[in-house]
Every structure is written in structure tokens, then in C-alpha cells.
Amino acid sequence: MKESSTIDLKLEKEKAVKVYKNQEEASLYTANRIASIIKEKQIKGEHAIIGLATGATPKGVYQELVRMHRNEGLSFKNMISFNLDEYYPMMPVEEQSYVSFMKQQLFNHIDVPIHQIHIPDGTLSIEAIQAYCDLYEQKIQDFGGLDIQLLGIGRTGHIGFNEPGSDDVTKTRLVTLNDITREDASGDFGGKEKVPSQAITMGIQTITGAKEIILLALSKRKAEIIQKALEGHITPDVPATFLQKYKNVEYILDAEAASLLSNIKV
Ligand code: PGA
């Protein structure tokens with residue numbers, strides 16, 4: 001009995017990992033998954049509640065979604081979006097804000113109504129943050145929960161800005177960024193010391209509450225953490241390992257990011 005359940009689990013896990021030849025193909029697949037949900041919901045006359053991510057990783061996904069809008073008439077009028085995180089403090093007009101990133105990469109090029117976009121507010125006073133975060137959670141619930149959440153993964157194993165030490169019942173909150181994360185962002189800010197030390201992020205529980213989850217990881221830089229996230233034991237030291245507990249997670253990798261996995265045929 002024990003043996004067969006182990007095999008099931010392994011099969012389930014293998015089914016959830018898709019390895020593509022290159023970044024473009026992995027991004028195309030991911031964009032198609034998001035577009036299908038938006039279209040399915042359109043047919044039903046419903047909103048699609050989409051959790052979005054920032055960083056270098058999803059850029060190709062957004063490029064393809066913009067192409068689909070321009071060339072194939074894909075409409076985003078029924079999309080309600082919630083971004084994972086934002087630096088704190090951060091003014092939306094600043095170049096490094098995730099508001100600027102999302103406008104440049106996606107929102108300025110599609111027909112999503114502006115009031116349907118949600119990105120954590122980096123301008124709040126410290127005292128106002130917790131109530132704001134509770135409301136962010138409430139809004140997601142009021143729309144019926146996230147239909148899909150797109151994730152990248154940091155070299156620390158963070159998803160959103162849930163750094164090592166985050167447990168699986170965390171919700172949207174103010175967090176302190178890990179040193180490696182600030183180092184990785186130093187190029188965008190012109191020096192690590194200029195990277196904010198805090199951020200507002202959805203929690204692990206907010207993320208795992210989504211009906212479907214896609215974790216996208218591209219390039220050699222992610223190979224080591226992908227190996228730990230998928231094959232390591234579940235631990236708050238590598239927050240992405242919490243996703244192993246869920247069957248509705250798809251890991252979309254390019255061959256380089258998958259290169260240290262055992263049991264994967266590329
Ligand atoms: P990246 O960041 O896409 O810029 O590598 C991913 C993340 O930190 O989640």
C-alpha cells in the first residue's frame with residue numbers, strides 16, 4: 001500500500017514538470033495557459049482572476065500575451081489581476097517599481113481596465129500596511145480566489161518575496177528581503193545599497209490558495225535552486241518546496257534550469 005502511494009506521488013510529480021528546449025518555448029506554453037483561462041472565462045461571461053509576477057523570467061510570457069492581443073484579438077477586459085509583490089518603500093512612478101514594470105511589459109499594451117489591476121502599494125505609512133494587506137487578501141477572496149498564479153523563483157528559493165524562514169501559512173505582509181535577493185536586484189537599482197530592504201508580498205498561503213499555479217524557471221542560474229525546490233525536502237529554508245504538497249502546480253522549465261534534476265528526460 002505504502003509503496004503504491006509513493007509511485008503515484010512520483011508519477012504525479014513527473015507529470016507536473018515540463019521541460020522545454022529553450023526560454024521562448026517555455027514562455028509560449030505559459031502564455032497559452034494564461035490565455036486559455038482568460039478565454040474560457042470570457043465564454044462563461046466571468047472574470048479571470050490572474051496572479052502575476054515580475055522579474056526577468058515572465059518577460060517573454062508578457063511579450064507573447066501582448067502579441068496575442070495585437071495579432072489575434074485576445075482581450076483582457078475580463079481579467080482581474082493581482083501582482084505578487086512590490087518593494088517597500090516604493091513610489092509607483094519610479095523606474096524600479098513593479099507598477100512601472102507591469103505597465104511597460106504588459107498593461108500599457110493590452111485592454112485591461114485599469115481599476116481591475118492590483119499591485120501592492122509601496123507608498124503606505126508603516127502603520128497602514130497590515131490593514132492594507134488584509135484588504136488585499138480579502139479582495140482576492142471576494143473575487144472567488146485566484147484562477148491561476150504565475151511564479152518565478154529567486155536564488156534563495158523565494159516565491160513572491162517569501163524569503164527563507166517564511167512558513168506555509170503566511171499571508172500578504174511586509175517582509176525583509178534576503179541579502180542574495182538584494183544582490184540580484186542591484187543591477188536594476190545601481191548598487192545593492194540602493195535596493196529597498198523590505199517589500200510587501202503575498203504569503204505562501206495566498207499563493208497556494210490559487211486554483212492553479214505555474215512556476216516558471218529559465219536559464220542555468222536557476223538550475224541549483226530548481227533542483228532543491230523540486231527534489232529537496234519540504235522546508236521553510238527553501239519556501240518553494242512548499243509547492244511540492246500541491247497537485248495543481250506545474251513547473252515549466254527550460255533545459256538549462258532543469259539540468260540538475262534527476263529523473264527528467266529532456
Ligand atoms: P527573476 O526573479 O525572474 O528576475 O530571476 C525571479 C524571482 O525572484 O522570483
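Counting starts at 1 for both ligands and their atoms, following the listed order. Residue numbers run from 1 in the order of the sequence given.
In summary, the side chains of Glu212 and Tyr246 do not present any donor paired with an acceptor at a separation below 3.5 Å, with no hydrogens or angles considered.
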Donor-acceptor contacts, no H, no angles, side chain residues 56-63, under 3.5 Å, sequence neighbours left out:
from  : atom 1 : to    : atom 2 : distance (Å)
Tyr62 : OH     : Ala53 : N      : 3.1
Tyr62 : OH     : Ala53 : O      : 2.6

Find all protein N or O atoms under 3.5 angstrom from an N or O atom of ligand 1 and list the pairs with distances, or write 'none'.
from     : atom 1 : to     : atom 2 : distance (Å)
ligand 1 : 3 (O)  : Ala56  : N      : 3.2
ligand 1 : 3 (O)  : Thr57  : N      : 2.9
ligand 1 : 3 (O)  : Thr57  : OG1    : 2.4
ligand 1 : 4 (O)  : Ala56  : N      : 2.9
ligand 1 : 5 (O)  : Lys222 : NZ     : 2.6
ligand 1 : 8 (O)  : His158 : NE2    : 2.6

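Looking at Thr201, Asn162, Asp134, Thr206 one by one, the single match for side-chain hydrogen bond (donor to acceptor under 3.5 Å, both in side chains) with Arg173 turns out to be Asn162.
Under the rule for a ring pair (Phe, Tyr, Trp, His ring centres under 6.0 Å), the partners of Tyr87 that lie at least two apart in sequence or sit in another chain are Tyr98, Phe161, Phe189.
Using a 4.0 Å cut-off between charged side-chain N and carboxylate O, Asp147 and Lys41 make a salt bridge.
Apart from Val93 itself, the hydrophobic cluster it occupies contains Met91, where clustering links Ile, Leu, Val, Met, Phe, Trp and Tyr at side-chain heavy-atom distances under 4.5 Å.
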